[in-house]
2 protein chains.
Amino acid sequence: MKKYIPILKNTKLFSGISEEEINTMLSCLQAKLCTYKKGEYVLRQGEYIDNIMVLVEGKLHIQRDDYWGNRSIINMVGVGEMFGEAYAAPESGALMNDVLAVEDCAVLFFDVKRIITVCPAACRFHSMVVQNLFFAISEKNRQLMQKLGCMSRRTTREKLISYLSEEAKRHNSSSFSIPFNRQQLADYLSVDRSAMSGELCRMRDDGLIEFDKNRFTLL
Amino acid sequence: MKKYIPILKNTKLFSGISEEEINTMLSCLQAKLCTYKKGEYVLRQGEYIDNIMVLVEGKLHIQRDDYWGNRSIINMVGVGEMFGEAYAAPESGALMNDVLAVEDCAVLFFDVKRIITVCPAACRFHSMVVQNLFFAISEKNRQLMQKLGCMSRRTTREKLISYLSEEAKRHNSSSFSIPFNRQQLADYLSVDRSAMSGELCRMRDDGLIEFDKNRFTLL
DNA sequence: TCATTTCCGTTGTAAAAACAACAGACTTGT
DNA sequence: ACAAGTCTGTTGTTTTTACAACGGAAATGA
């Protein structure tokens, strides 16, 4: 577990907290480490959790499959990112989505109650973690609204432009790699893969974008 | 301002706090009351805020209009509900959406910093408000994911079924009124109004639902 | 009460997406 | 190195949606 402390130091949750202090808090918060192989589910829709998770290795998808097998990728989780925080509140109900390991993963589980209630030992930086958690949820909230803004577009082309623009803004560059292959991007935008593939090529022919595999450039 | 204390008592933010204590906190948190006529904007996309707002009278829409004039209603805000909490964090950037009064409204503004930092007078129930705020954001988060689940449906019919099912679940009844007219519902689901209107009638003919104006019944 | 506006369903047409099926390029694992 | 599998773009067909325009019903307001 200790080998992940440098990673935790750079997460939103432990921002501003030193490695030694993180080490102390890991036991204070009773963190548990679990590993998953590519393709395994970390959490399944319908489960109840009282943990907040931090991904310290690999890549995850928050996703959902409907009756007809249509997959919808809600979000991508990279190393250092938190997930499950929406279920931090008591009585938050069952998970709505699956969490799938798309690469071999390592995940740290933290007991929510131990985070949001003052710990008996009164860790010096406990209250800072609470505030960090608060800001992180707030940011996640904005991300979700951004995705809603993207999903509310009518056509595939508009969705693509919206998504690619956001990615360009996020990378501070008109050239960037995306964390999805074509099928995953289609699932993320909730459109048909082949239709999207065609639309991407049409956008390239129209001189809007260039791309090679997962690398895109906005023109 | 005092006349709204009974309303505040029943909000998520002030849950578990007595009316007298709320009265004390209103000054402690330096609350400000603003009123808006139907059709006025409470907040506009691009603004920067450091407040959390509670609607104490009327009805609001969180929405966004794109270049082409397509309106997309992100969320509906009713009396007692909070909004703007996603921008509670510092450096949370400019507002992504407009907030429109769809009825005459009264809104209470609270300074975020005064909520999340311990107040000088150390109000007895300040920490409870912080936790309430935390849970409220967490719940908003789940609501957004639920809407994403709805928006990720491919067809208008699936979106309608998804939305109406959630409403039925929320009302604990297969018969309920929705807070939208047809155009607003179409904007909320990001579909064409006339196409949606037709689909609703087809669903009625197929024996899936019944409706009269804003009142729907699932069969 | 009457005129005006808003709301809702309907229709027809054009545009777009979903779906299915396929072939070539590329990866992966043995 | 080779076989199997995956990923991507392409095409054609069917289904669905968007758009525009209209009429009647209901609500609003002077």
Side-chain angles (χ1 to χ4, degrees), chain A residues 37-39 61 65-73 102-104 150-163 177-206 208-216, chain B residues 37-39 59 61 65-73 100 102-104 150-163 177-206 208-216:
Chain A
K37 291 283 169 199
K38 174 179 177 176
H61 282 176
D65 299 318
D66 69 13
Y67 296 113
W68 303 276
N70 292 318
R71 171 160 297 176
S72 150
I73 297 177
V102 288
E103 297 174 2
D104 290 355
C150 176
M151 298 283 303
S152 64
R153 305 291 170 166
R154 305 295 217 269
T155 67
T156 300
R157 175 174 290 216
E158 281 169 29
K159 286 182 182 177
L160 283 167
I161 290 176
S162 179
Y163 170 73
S177 292
I178 65 171
F180 298 125
N181 63 28
R182 294 291 184 278
Q183 181 62 62
Q184 289 168 345
L185 179 57
D187 289 341
Y188 182 77
L189 299 177
S190 287
V191 296
D192 179 71
R193 182 197 59 80
S194 67
M196 186 192 76
S197 185
E199 193 61 45
L200 277 173
C201 294
R202 230 168 295 136
M203 287 166 71
R204 182 186 49 198
D205 298 343
D206 291 351
L208 287 174
I209 60 172
E210 280 176 2
F211 59 89
D212 177 52
K213 300 195 182 185
N214 290 355
R215 181 148 205 93
F216 287 79
Chain B
K37 291 283 170 198
K38 173 178 177 176
K59 189 155 89 172
H61 282 176
D65 300 319
D66 68 13
Y67 297 113
W68 302 276
N70 291 318
R71 172 160 296 177
S72 151
I73 297 178
L100 176 73
V102 288
E103 297 174 1
D104 291 355
C150 176
M151 299 284 301
S152 64
R153 305 290 169 167
R154 304 296 217 269
T155 66
T156 300
R157 176 175 289 215
E158 280 169 30
K159 286 182 182 177
L160 284 167
I161 290 176
S162 178
Y163 171 73
S177 292
I178 66 172
F180 298 124
N181 64 28
R182 294 291 185 276
Q183 181 62 60
Q184 290 168 344
L185 179 57
D187 290 341
Y188 182 78
L189 299 177
S190 286
V191 296
D192 179 70
R193 180 197 60 79
S194 66
M196 187 193 74
S197 184
E199 191 62 44
L200 277 173
C201 294
R202 230 167 296 137
M203 287 166 70
R204 183 186 50 199
D205 298 342
D206 290 352
L208 287 174
I209 60 174
E210 280 176 2
F211 59 88
D212 178 52
K213 301 196 181 183
N214 290 354
R215 181 148 206 93
F216 287 79

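None of the values given here were measured: they were computed from a predicted structure. Basis for what follows: all heavy atoms, side chains included, without hydrogens, waters or symmetry-related copies. Throughout, protein chains are lettered first and strands after them, A, B, ... in sequence-line order, and every chain is numbered starting at 1.
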Atom CG of A:L200 and atom P of D:dG9 are separated, to the nearest Å, by 7 Å
Residues B:V191 and A:R154: closest non-hydrogen pair is O-NH2, 3.4 Å
**OP:** Would you indicate, yes or no, if C:dA17 has its OP1 or OP2 atom less than 4.0 angstrom from a side-chain nitrogen or oxygen of A:T156?
**Re:** yes
Note: contacts of residues 179-190 of chain B with DNA chain D (heavy atom, under 4.0 Å) are none
To the nearest angstrom, the CZ-C1' distance between B:R204 and C:dC8 comes to 11 Å
dist B:Y163:OH -> B:M151:CE (nearest 0.5 Å) comes out at 13.0 Å
Rounded to the nearest 0.5 Å, the CG atom of A:D212 sits from the CZ atom of A:R204 at a distance of 10.0 Å
note: B:M196, atom CE; C:dT10, atom P; distance rounded to Å ~ 13 Å
Whole-Å distance, A:R215 CZ to D:dC7 C1', equals 20 Å
The nucleotide from D:dT17, C:dA17, D:dG9 with an atom nearest the side chain of A:T155 is C:dA17
With heavy-atom distances below 4.5 Å as the criterion, would you say the side chains of A:D192 and A:T156 are in contact?
no
### Task
Have a look at A:S197 and say if it touches a base, only the backbone sugar-phosphate, or nothing, with a 4.0 Å heavy-atom cut-off.
base
Whole-Å distance, A:R202 CZ to C:dA15 P, equals 14 Å
Shortest non-hydrogen pair, A:L189 vs A:M196, comes out as CD1-SD, 4.5 Å
Protein heavy-atom contacts under 4.0 Å, written 5' to 3' over nucleotides 25-30 of chain C as B (base), S (sugar-phosphate only) or - (none), form the string -SS---
Nearest heavy-atom contact between A:L200 and A:F211 is O-CE2, 3.6 Å
Distances for protein N or O near nucleotides 19-24 of chain D N or O, under 3.5 Å:
unit_1, atom_1, unit_2, atom_2, d
D:dC19, N4, B:S194, OG, 3.4
D:dA20, N6, B:S194, OG, 3.4

task = Decide yes or no on side chain to side chain contact (heavy atoms under 4.5 Å, CB included) for A:S152 and B:Y188, but give the supporting numbers first.
result = CA-CA 9 Å; A:S152 64; B:Y188 182 78; over 6 Å; no
In terms of heavy-atom contacts, B:S177 and B:R215 come closest through OG-NH1, 2.8 Å
In this structure, NZ of B:K213 is separated from CZ of B:R182 (nearest 0.5 Å) by 10.5 Å
Here the pair of heavy atoms bringing A:N181 nearest to A:N214 is CA-OD1, 4.1 Å
A:R157 CZ to C:dA16 P, in whole Å, measures 9 Å
Worksheet entry | Test log, rule side chain to side chain contact (heavy atoms under 4.5 Å, CB included), inputs A:D206 and A:R157 | CA-CA 12 Å; A:D206 291 351; A:R157 175 174 290 216; 2.9 Å; yes
Taken to the nearest whole Å, CG/A:L160 to C1'/D:dG9 is 15 Å
Whole-Å distance, A:M203 CE to C:dA16 P, equals 14 Å
